Structures are given as structure tokens and as C-alpha cells.
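Please read all numbers here as calculations on a predicted model, not as lab measurements. Quick note on labels: first sequence line is chain A, next is B, and so on, each numbered from 1.
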Amino acid sequence: MMARFALVPSILLCAIGFYGAMLWTVVISFTSSTITPRYEFAGLAQYVRLFTMDRWHVAYTNMFVFGALYIACSLIFGVLLAIALDQSIRGRNLLQTIFLYPIALSFIVTGLAWQWLLNPTTGLQNYVRGLGFESFAFDWLSSPDRAVYTLVIAGVWHAAGLVMAIMYAGLGSVDGEIWRAGRVDGIPRTTMYRRIILPMLKPVIIVCVVLLSMDVIKSYELVVAMTGGGPGYSTDLPAKFVVDNLFTRTNIGLASAAATLMLASIIVLLLLFGWLQKERVAR
Amino acid sequence: MIGVQIESLSRHFGALPVLRDISMEVQPGEFTVLLGPSGCGKSTLLASIAGLDDLQGGRILFDSADVSDLEPAERNIGMVFQSYALYPTMTVRQNLSFGLEVAKTSKADIQERVTWAAQLLQIEPLLDRKPSQLSGGQRQRVAIGRALVRKTNLFLFDEPLSNLDAKLRTEMRVEIKELHRRLGATFIYVTHDQVEAMTLATRIAIMQGGRIEQYATPEDVYERPASLFVASFIGAPPMNLLPATLKQTSHGVVAFTGDHTVSLKGYPFKIAPADGQPIVIGIRPENILIDGNVAPTLRAEVVVVEPLGADTLVWVDCAANRMAVRTHPKEAKGLSGSIGLSFKVENLSIFSKDSGLRL
């Protein structure tokens, strides 16, 4: 009994800190609050305003562009790296360490490092031009249409190692006799991976997708460190939109509305994954 | 039908030898069982025959064609694994047909083979299920089916029944024997279960420490074990073993064990025995008679009596050796104290104590 009482403070803290804050945000999103919270019901006014803002549309679309590419590329590279590790015997530990290192870095460090690398005047472009290829151009970072892809490059570099580690553990858990059976059946390795091993690891892949999706939704540091949302607001993401409006533009109502929409997006995603999992169990 | 010749095969993992210079010949249509305790190399030998392991020495021939360098698929074998190794995301039908699809077999042919195998193994109602929806016995059938559709004449089984419960194991054992009879193909079967080996095999290869101790029919292995290891491995309870010393006397060869003298007159020695040679006398429990005569061969003290139903085991102590005597339940009734035992010389197995080999 005492043991349960001892948990009460932390449960309360959790309930108020997390769910209370969420509720408060949702409430605020229906008020006309600006610099400070004002409990004056304004209906959907903040949402209507949000949807008239081009900046919000860019940020919200970016989340899907960045998210889809980030998840897809991280998965592809991570899985390929894991298969490479699974195949080679020598240098396995070294390779694993090398590819795992980026996860140990914060997204801020990743963002800054890639900003230097991709900055046309200091980074890769300048270096290659220095080698004598004067016409070489790689200026995605400063191009409003393409800057979002530089976020993908940096993000994938950061996250592929994690996918690799998880998938490598999954590959290691596959019963060796399945491989032997495949050899007796004369099934080539690539076919084995494509048709048998990777389908077997679907639950592991789903875990990777969930982890990567959370990265996408909360991604803020990477944008701040790498592009600052620019050029203009072309690489804005919802999380950054919310923080900017909350703290620098002092528009609590609008920020709350955006945050509520992010929460709604997450809930939709979670429901989708729950449904996918259920499908898997049912089959 | 394929005959398999194995010529001085050796295999080691690092410094650890697993197979030491193994040579054996499996006749076409034979049901050979590789039997031995864990770590004796039997599964490694099977994997070598399948081509799943690289060899460090020796050759493997199928019908006198060298297959040592061929991939498992090129050897055209069917193999059944201990863990079944079914492809978990595929249905039973896909499990059976996948290898054939990859080998670009025609659709009609695949259909025909799958139907044939499914009928033979009575798994037709299961064809559209996933392996996770099957019981252990059903999975085992599917695994056998996957080997069958390859239309081969050499089947390899790696402890296929060890994951099943006792009742199912007995059923599947009968089915595998029946399958061998119907297919007329060559079967090589690995197990650590001597009952499986005795019931299934036309010949048993008993392995120990990477060597084949004896490769003979089940009767031979049971009645005339080639070594002390075989004698103590086969049979439940195993052969009784009495250490003794050999003596040449005017009445022929005799063995001294404790206070007893056992005449070995008429024993078919393979090598002429030396005087004073230390030996081990082996005798099966069912070959010992409880003897009411005044001058029995041995005298022993009854320790316990174990009724087994059809027969009864009487455990006795004879000159510090614990021995089992299998007898009729009626005869064992009320047995206690000191009893007389006797046996026929032709039922004995005599081993050299030094080499452990049959004399």
C-alpha cells in the first residue's frame, strides 16, 4: 500500500506535466490568446488564421516531404548496411561502431556539421572548385526549392546507423536453418533477403518506422542548426513553427493551434500503426 | 536411388576436429541412421553430405560422381531440419513451391508436385495456412513435403523428430519408415535417439568423437557391438559390463572376474587372446538366466526388482558390479538375497580393456 502511495507524486506530476499541458494547449488553441494566455473563447479563429498562412502550409508540407524521404532513405540505407554487416565477417565491429556514431551526436551537431559541408562558400562546392572543377555547383542549401533535401541528407546520415543496428540484431535472430533450407532449395541470397528474411522482420521494420516517425514530428534542432528554417521559411517544420510563434512572435493561440494539429497528426499515425500491428496478429 | 560414398572425410572447426577421417558407403535405397551422443559429429557429417559445410579433406561421391565442390542445390537432395526451417511468412503451398519457382519449374509441374506431396503427407487441408497456424507434427510434415517436391532420390533428415512430443514422435517414426518404403529412395537420418535408430534403420552408423565406431544392421549393432562404446550406448538398460582377466588353462580359455571363473570355451575370438589380458565381458540383460542350480556361473545379490509390465528388471550386485537381468515377471516374483546367474557363451561380447574393441 505504502509503495503505491510513494508513486502518487510521480503519477500526478506526469498527469499534470504531460496530459495537463496537452489539454491546456488544446484549450488555448480555441482562445484569442496572443502574448499571454487569455481565456476568451474564439472558436476556430486560430485554426482559420493558421490555414491562411503560407508559412504554415510550407511547414506542414515539409513535414511530409522530409518525413517520407527521411524514413524511406534511412530504412533503405540502414537495411542495406545491416545486410552488408550480416554478410561480412571481418571488420564487423569496427563498421558497426562507425555507422552507429552519428546517433551519439545531437541533431544540433549533425546540423552544424552538414551546414559547413553543404555551405556553397565553405564546404563541398568550394572544395571541388578548389580542385579545379570550376563549374561544379552544389548549392541545395541556399536554394529554397531544394534546401529541404539537405535536411534529408543530414537526417539520414544521422539515423541510418540506428536502423542498421536494430535491423542487424533482427537479422542475427533469424534461425540459421532457414538459410540452410534456402541453400538446399537453391534460392539466391538476394531472393532470400527479399522474399523470406525481410518479410520475417516486418515487426522490426515497424519499430524502426515508429522511431523514425517520432524523429520527424519532433525534428526542430536539425532545422535550427542547419538552415534556420531558411532560405526564407522554405525549410520550416511544424515544430519550429510552433516554437517560433510561441516564444519569438508571441502568438500563443496560433502556436497552440499548430501544436494541436501536430498532436492530431501523431494520433492518426499511432492509430494507423496500431491497425497495422493488429493486421499482422490477425494473419 | 542414389548411393553415397564418403571417402576419408575430415572437418575441423579451428583446432577442434569434428570429423576424423570418416569413410562409409550408403547403398542405394538404404535407410542409414547416424546415431551418437551430442557433439559426436553426426550432424556435421550430414551437413557435409548436403554440402552445407566446407570440407577440409576427403571426398563425397553420389553414384561415384564427385560432388564435394557442388552447392547443396546442385546436389539435388531433399533435406528436413530439426527446427523445420519453414519460411514463416509464406503459406504451406508457397513453402512447398518456392524453391521450384526460383528454379523456374513450369507452373503445371509445380502444381502437380505440390498436389502429389500434399496427398502423400495428408496436408492438403493445410495448404493455405501459415506455419505459425500449424502444430509441431503438421510443420514437420510440411518440412518433409518441401523435401519431397524436389523429386530427388536422396533425403537427409537432421533430427527431424526431436522437437515433437513422445506420442507424436512414435507416429511420425512409423510414417517416415512407410515413406521410405513407398519412395524407395535413399534416406540418411541423424538422431540421438536409439529407439528411432533401431526401428528405422537398415544400417546404423554409431558415431563417437568424430569417428564411426560401427556401421552395421540394427541386429548386429545390438547383438555384436564392435566396441565398448557401442555396447554401453545401445540398449536400455545398456549391456552389462564385467571387467575380467583372461587365462589360458587346460580346459580352454577362462575369464576371472572377482571370485568367479567364467569359461569362454567356444567364444569366436577374432584375434587369438593373450594370457593375462585384461578384458571386459559384455552380456545383455535378457541373455542372463536366473539359475536355481547348485553350481551357477555367477552368484549375485539382488538389489531391487523393477516390474516393467511385459518383463521385469532385476538389479543385482555381482563382485562390486551392478548388473541388470531381464526376466519374466513370474520368475522375478519374491526374488531376494543371493541368486545364481548363468548365460551362454555365444551370447557374450568380449572386449579388450585397453583398446575397447571387440575381441
Side-chain angles (χ1 to χ4, degrees), chain A residues 75-76 78-79 82-83 86-93 163 166-210 273 275-283, chain B residues 43-44 46-54 70-91 94-105 128-133 139 142-150 152 154-160 163:
Chain A
L75 271 184
I76 291 170
V79 167
I83 289 177
D86 195 40
Q87 291 291 316
S88 79
I89 317 281
R90 245 172 291 162
R92 182 178 285 175
N93 287 336
V163 176
I166 296 173
M167 286 303 292
Y168 178 55
L171 289 173
S173 72
V174 170
D175 181 5
E177 288 201 331
I178 297 247
W179 279 104
R180 293 174 145 227
R183 283 181 66 196
V184 171
D185 267 349
I187 299 163
R189 263 162 207 258
T190 44
T191 317
M192 276 302 279
Y193 277 117
R194 206 162 42 82
R195 298 281 305 273
I196 293 165
I197 306 295
L198 290 180
M200 276 173 77
L201 294 182
K202 194 176 151 195
V204 181
I205 295 175
I206 288 180
V207 168
C208 289
V209 171
V210 170
F273 281 124
W275 178 73
L276 273 177
Q277 292 277 20
K278 223 188 263 170
E279 274 288 278
R280 195 172 64 80
V281 173
R283 270 190 298 135
Chain B
S43 286
T44 311
L46 194 78
S48 305
I49 298 172
L52 292 166
D53 271 348
D54 292 331
L70 294 185
E71 268 293 296
E74 297 167 323
R75 298 187 184 199
N76 194 28
I77 47 169
M79 188 156 180
V80 178
F81 296 89
Q82 181 177 359
S83 66
Y84 321 128
L86 298 176
Y87 308 133
T89 53
M90 295 185 167
T91 63
Q94 288 168 322
N95 263 285
L96 296 186
S97 60
F98 188 51
L100 300 175
E101 271 168 42
V102 171
K104 305 222 169 16
T105 314
D128 294 313
R129 295 212 203 151
K130 291 266 172 81
S132 56
Q133 298 166 305
R139 285 181 207 188
V142 177
I144 294 173
R146 190 174 56 184
L148 283 183
V149 293
R150 294 180 55 74
T152 156
L154 176 60
F155 291 92
L156 309 178
F157 294 84
D158 190 3
E159 308 216 23
N163 284 355

*Would you call A/Arg180 and B/Asp53 a salt bridge, taking side-chain N to carboxylate O under 4.0 Å as the test?*
yes

*More than 12 foreign heavy atoms under 6.0 Å from CG of B/Asp128: is that the case here?*
yes

*Can you tell which of B/Arg75, B/Met90, B/Gln94 has the highest number of heavy-atom pairs within less than 4.5 Å of chain A?*
B/Met90

*asked:* For B/Met79, which atoms come within 4.5 Å of any heavy atom of chain A: side chain, backbone, both, or neither?
replied: both

*Below 4.5 Å from any heavy atom of chain A, which atoms of B/Leu100 appear? Answer side chain, backbone, both or neither.*
neither

*Applying ring pair (Phe, Tyr, Trp, His ring centres under 6.0 Å), which residue pairs with at least one partner in residues 174-193 of chain A are found, sequence neighbours left out?*
A/Trp179-A/Tyr193

*Is there a side-chain contact (heavy atoms from CB on, under 4.5 Å) between B/Asn163 and B/Arg139 once you walk through the steps?*
CA-CA 11 Å; B/Asn163 284 355; B/Arg139 285 181 207 188; over 6 Å; no

*So what's closer than 4.5 Å to chain A heavy atoms on B/Asn76: side chain, backbone, both or neither?*
neither

